[in-house]
Amino acid sequence: MPCVQADTAAKMFTVMRRVTNNSAEPARMSGDDMNPAAVAQPVEDIQGDGRWMSQHTRFVQECKDGEPDVLFVGDSMIQLMQQYEVWRELFSPLHALNFGIGGDTTCNVLWRLQNGELENIRPKVVVLWVGTNNHEHTAEQVAGGVLAIAQLLTSRLPKAKIVVLGLLPRGERPNPLREKNAAVNGFLRSWLPQLGQAQFLDVGAGFVHSDGSISPQDMFDFLHLTAAGYRTMAKPLSDLLLQILEETPEERRASLV
């Protein structure tokens, strides 16, 4: 994984546009180039059944009906979590909503959050997990897209803590996408603390064996997690969420300083 230099991270962070209460302006990379991974876009309905927009509409309605303490947002890694016992055991009792849609990129999640999925709710914690589907973007661009989402969340939800989950390794054997995801995580580790409310959580420990392989017992298609895989990543996340939710308001304010 390429080393993330502090000056590079600082430069990237300073050119991020301020997120207002009404919109999130796209991030700009070094050299003032637009970051395509931070441009809000809905999914094009190529198949013609409107499923993506239907899911988004359902989430907007859930915002009107629910009062979550924890909001999960992201792609299929978030979406599929609620199909397993670990969701019912560890996360559902925390009054959680799951706004995951399979195939989403940072652009798609940014659009959804700008268009109703944060209305009428005030979660104490937002768990963000997205970026592995940004195949057209570089690692730095993907990290910038995740950072743009985190900025939007901190602007719209100033009292919430944002937990950004690191991208998991993928593929049965070492490959360029694994290296890219690791590089994204490196950027995020450096950049996210500058937001104050956001923190990075690495949930990828234990998935890659000593020979460099990933087991189908953890990832059935070497990307999506099995029940055992979710159990592995859920433990550190659950511990962190319980810690945050049990903080007093004074402790929470102090931790953000």
Side-chain angles (χ1 to χ4, degrees), residues 19-24 40-45 47-131 133 146 148-165 197-199 201 224-225 227 230 233-234 237-238 240-249 252:
V19 178
T20 68
N21 288 330
N22 297 319
S23 65
Q41 292 181 337
V43 167
E44 183 180 357
D45 187 21
Q47 296 175 334
D49 57 11
R51 287 187 303 113
W52 186 87
M53 189 59 69
S54 294
Q55 292 177 85
H56 166 64
T57 301
R58 175 166 58 86
F59 294 157
V60 173
Q61 183 60 47
E62 288 185 19
C63 288
K64 299 177 182 178
D65 300 335
E67 297 180 359
D69 285 333
V70 183
L71 175 65
F72 286 74
V73 181
D75 54 30
S76 60
M77 306 302 289
I78 289 289
Q79 181 183 41
L80 295 176
M81 191 184 301
Q82 62 187 334
Q83 303 300 319
Y84 292 97
E85 183 61 32
V86 69
W87 177 266
R88 294 182 287 275
E89 178 183 331
L90 298 179
F91 301 123
S92 184
L94 302 180
H95 306 289
L97 283 180
N98 187 310
F99 286 0
I101 298 183
D104 265 12
T105 66
T106 55
C107 304
N108 307 140
V109 170
L110 193 59
W111 188 93
R112 291 198 279 124
L113 295 179
Q114 289 180 7
N115 287 273
E117 292 188 18
L118 294 177
E119 299 296 327
N120 307 305
I121 58 173
R122 293 294 180 267
K124 298 175 183 176
V125 190
V126 179
V127 178
L128 176 63
W129 205 6
V130 69
N133 295 319
V146 174
I149 298 171
Q151 282 189 306
L152 174 64
L153 289 168
T154 57
S155 175
R156 297 282 183 89
L157 303 170
K159 295 183 179 180
K161 281 200 172 182
I162 316 302
V163 177
V164 177
L165 301 185
Q197 291 170 242
Q199 64 185 99
L201 180 64
H224 297 98
L225 295 171
Y230 272 115
M233 62 76 52
L237 175 58
S238 175
L240 177 60
L241 293 179
L242 289 174
Q243 175 186 333
I244 294 173
L245 293 172
E246 289 173 358
E247 288 180 349
T248 66
R252 190 172 297 115

In sequence, state the C-alpha distance, the side-chain angles, and the governing distance for L240 and Q199, and then conclude on side chain to side chain contact (heavy atoms under 4.5 Å, CB included).
CA-CA 11 Å; L240 177 60; Q199 64 185 99; 3.7 Å; yes
Audit row: Q55, Q79, side chain to side chain contact (heavy atoms under 4.5 Å, CB included) steps and yes/no
CA-CA 11 Å; Q55 292 177 85; Q79 181 183 41; 3.1 Å; yes
If you round to the nearest 0.5 Å, how far is CG of L97 from CD of E62?
5.5 Å
W111: what forms a ring-ring contact (aromatic ring centres under 6.0 Å, His included) with it, not counting sequence neighbours?
W52, H56
Would you please name every residue forming a side-chain contact (heavy atoms from CB on, under 4.5 Å) with Q61, sequence neighbours left out?
K64, D65
Tell me, do L94 and L242 make a side-chain contact under 4.5 Å, heavy atoms counted?
yes
Residues which pass ring-ring contact (aromatic ring centres under 6.0 Å, His included) with F99, listed by chain and number, not counting sequence neighbours:
F59
Heavy-atom count around E89 CD within 6.0 Å, excluding the residue itself: above 12?
yes
Check step by step if side chain to side chain contact (heavy atoms under 4.5 Å, CB included) holds for V60 and E117.
CA-CA 5 Å; V60 173; E117 292 188 18; 4.1 Å; yes
The residue among I244, V127, L241, V126 that forms side chain to side chain contact (heavy atoms under 4.5 Å, CB included) with K161 is I244
Dump the intermediate steps for side chain to side chain contact (heavy atoms under 4.5 Å, CB included) on T154 and I162, then the final yes or no.
CA-CA 7 Å; T154 57; I162 316 302; 3.8 Å; yes
With sequence neighbours left out, what residues match E85 under salt bridge (Lys or Arg N to Asp or Glu O under 4.0 Å)?
R88
With sequence neighbours left out, the residues meeting salt bridge (Lys or Arg N to Asp or Glu O under 4.0 Å) with R122 are none
For E119, salt bridge (Lys or Arg N to Asp or Glu O under 4.0 Å) partners two or more places apart
none
Can you tell me if S54 uses its side chain to pair, donor with acceptor, with the backbone of G50 under 3.5 Å?
yes
With a 3.5 Å distance limit and no angle check, can you tell me whether N133 reaches the backbone of D104 through a side-chain donor-acceptor pair?
yes
